[in-house]
Amino acid sequence: MRRSVLLVPVADERLWSVRMGGVRWICGFTDETALARFALHHGPGDRPMDYAALLGARIVDEIVPALGEPAGLAVDIATEDGSMFFPPVAGIVPDAVAVDTGEGDEGPGG
């Protein structure tokens, strides 16, 4: 995933993401076919869906930490039996933003 170029839909000049289970998931796709399956249900009608081509490493190492909340990467979510999820845990995202290390827990009592 880290060395793969992923296509991430862009809406209102922001990367497409969804919140589920207390995590913000950035949605990426491995190719235009996978992105097209997603666009059929979530696209802007008859207009093409804009997207950014980003390395997986850039998403989890730079973009996820900048979001300021627990975030991970969901890949090919519109592909039956082909979806992959990379949660905000150590070894996937930087330790400072991983939910399982406690490093990002700076609030009261943290």
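Because the structure is predicted, anything quoted here is derived from the model rather than measured. These values consider heavy atoms only, across backbone and side chains, with no hydrogens, waters or symmetry-generated copies.
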**Q** Output the distance between atom CG (Leu40) and atom CZ (Arg37), rounded to the nearest 0.5 Å.
**A**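 Answer for the CG-CZ pair, Leu40 versus Arg37, is 9.5 Å.
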
**Q** Is Pro9 close to Leu15 at the side-chain level, that is, under 4.5 Å between some pair of heavy atoms?
**A**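 No, their side chains stay 4.5 Å or more apart.
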
**Q** Within the structure provided, determine whether Glu13 and Asp50 are in side-chain contact (heavy-atom separation under 4.5 Å).
**A**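 Sidechains of Asp50 and Glu13: no contact.
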
**Q** Grouping I, L, V, M, F, W and Y whenever their side-chain heavy atoms are under 4.5 Å apart, do Met20 and Phe38 come out in a common cluster?
**A**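 Linked within one cluster.
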
**Q** Hey, are the side chains of Leu7 and Glu32 touching, using non-hydrogen atoms and a 4.5 Å cut-off?
**A**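 Yes, side chains in contact.
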
**Q** Before you tell me yes or no, could you show the steps for Arg24 and Val64 under side chain to side chain contact (heavy atoms under 4.5 Å, CB included), namely the whole-Å CA-CA distance, both residues' side-chain angles and the distance that decides it to 0.1 Å?
**A** CA-CA 9 Å; Arg24 182 171 176 183; Val64 163; over 6 Å; no

**Q** Using the rule that Ile, Leu, Val, Met, Phe, Trp and Tyr join whenever any side-chain heavy atoms are under 4.5 Å apart, tell me whether Ile59 and Met84 fall into a single cluster.
**A**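 Same cluster.
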
**Q** List the atom pairs, with distances to 0.1 Å, where a side-chain N or O of residues 85-92 and a protein N or O form a donor-acceptor pair under 3.5 Å, not counting sequence neighbours.
**A**
none

**Q** Any side-chain heavy atom of Val75 sitting closer than 4.5 Å to one from Ser83?
**A**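 Sidechains of Ser83 and Val75: no contact.
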
**Q** Under 4.5 Å between side-chain heavy atoms, counting indirect links through other Ile/Leu/Val/Met/Phe/Trp/Tyr residues: same cluster for Val97 and Ile26 or not?
**A**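 Same hydrophobic cluster.
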
**Q** Answer yes if the ring centres of Trp16 and Tyr51 are under 6.0 angstrom apart, and no otherwise.
**A**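 No - the distance between ring centres of Trp16 and Tyr51 does not fall below the 6.0 Å cut-off.
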
**Q** For the side chain of Asp31 and the backbone of Thr33, is there at least one donor-acceptor N/O pair under 3.5 Å apart?
**A**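 Such a contact is found between Asp31 side chain and Thr33 backbone.
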
**Q** Identify the two heavy atoms, one from Val5 and one from Ala53, that lie closest to each other, and give their separation to 0.1 Å.
**A**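 Closest pair (atom of Val5, atom of Ala53, distance): CG1-CB, 3.8 Å.
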
**Q** Which distance, rounded to the nearest 0.5 Å, do you find between the CG of Leu67 and the OG of Ser17?
**A**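 Answer for the CG-OG pair, Leu67 versus Ser17, is 7.0 Å.
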
**Q** Would you say Glu69 has more than 12 foreign heavy atoms packed within less than 6.0 Å of its CD?
**A**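 Counting other residues, nucleotides and ligands, CD of Glu69 exceeds 12 neighbours.
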
**Q** To the nearest 0.5 Å, what is the distance between CZ on Phe29 and CD1 on Ile77?
**A**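 The distance works out to 4.5 Å.
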
**Q** Do Thr30 and Asp76 get their side chains close enough for a donor-acceptor pair, meaning under 3.5 Å?
**A**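 Looking only at side-chain atoms, Asp76 and Thr30 do form a donor-acceptor pair, the distance falling under 3.5 Å.
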
**Q** Can you name the closest pair of heavy atoms from Val93 and Ala98 and give their distance?
**A**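 Taking every non-hydrogen atom into account, CG2-CA, 3.8 Å.
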
**Q** Rounded to the nearest 0.5 Å, what's the gap from CD1 on Ile63 to CG on Leu54? Could you check?
**A**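 Here the interatomic distance stands at 5.0 Å.
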
**Q** Please report the closest heavy-atom contact between Pro70 and Val99, naming both atoms and the distance.
**A**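 Closest pair (atom of Pro70, atom of Val99, distance): CB-CG1, 3.8 Å.
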
**Q** Given Met1 and Leu73, is the side chain to side chain contact (heavy atoms under 4.5 Å, CB included) satisfied, shown in steps?
**A** CA-CA 10 Å; Met1 171 275 296; Leu73 174 61; 3.7 Å; yes

**Q** Using the rule that two of Ile, Leu, Val, Met, Phe, Trp, Tyr join whenever any of their side-chain heavy atoms come within less than 4.5 Å, decide whether Val60 and Val10 are in one cluster.
**A**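 In one cluster with Val60: Val10, yes.
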
